[in-house]
*Asks:* 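Input: one structure, supplied below.
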Amino acid sequence: MIIEHIGIAVASLDEALGRYRDCLGLEVSGREEVEEQGVRVAMLPVGESRIELLEPTGPGSPVARFLSKRGPGIHHVALRVDDLEGTLRRLKAAGVRLIDERPRPGAGNSRIAFIHPSSMNGVLLELVEHGK
Ligand code: CO
């Protein structure tokens, strides 16, 4: 298992890229809008992992609510798993509170599922399975 990415909530992608890209020197591997989740995303590879900058698309976005409650910062940690369905089954059997009981489509060819922070010591955890 590896840390697939770390999601960071920001008010403005362009403002955040001024430091993560221009000052730190990280490259942007992709930018996209994920309408379903109400975010615009920029991905910046760091070794085998990535930083995922998340900007809300509007006031109803979950990331907008996160920003107004807690301010910018780490929003979620994503772990890469080989068998997402099997992992979700094990977590459910162990009584872990899942936000997604079934995988849903993620960026690229991936499938993702979120686990509720109340079951993960306050951390919103995303599981990512890459297409086979
Ligand atoms: Co993510």
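Worth knowing before you read on, the calculation uses all heavy atoms, side chains too, and leaves out hydrogens, waters and symmetry mates. In what follows, residues are counted from 1 in the order of the sequence shown. Both counts, for ligands and for their atoms, begin at 1 and track the order of listing.
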*Asks:* When you look at CZ of F66, are more than 12 heavy atoms from neighbouring residues, nucleotides or ligands closer to it than 6.0 Å?
*Replies:* yes

*Asks:* Could you report the tightest heavy-atom contact between I112 and P105, atom names first, then the distance?
*Replies:* CG1-O, 4.2 Å

*Asks:* Applying side-chain contact (heavy atoms from CB on, under 4.5 Å) to H5 and V128, what does each step give before you reach the verdict?
*Replies:* CA-CA 9 Å; H5 63 264; V128 183; 4.2 Å; yes

*Asks:* Between K92, R90, R102, R111, which is the residue that forms a salt bridge (Lys or Arg N to Asp or Glu O under 4.0 Å) with E85?
*Replies:* R111

*Asks:* For a distance under 2.8 Å, give residue and atom name for each protein N, O or S atom next to the Co ion (ligand 1).
*Replies:* H5 NE2, E52 OE1, H76 NE2, E126 OE1

*Asks:* If you count the non-hydrogen atoms of other residues, nucleotides and ligands that lie under 6.0 Å from CG in D22, is the total more than 12?
*Replies:* yes

*Asks:* Does a side chain donor of either E52 or H75 reach within less than 3.5 Å of an acceptor in the other side chain?
*Replies:* no

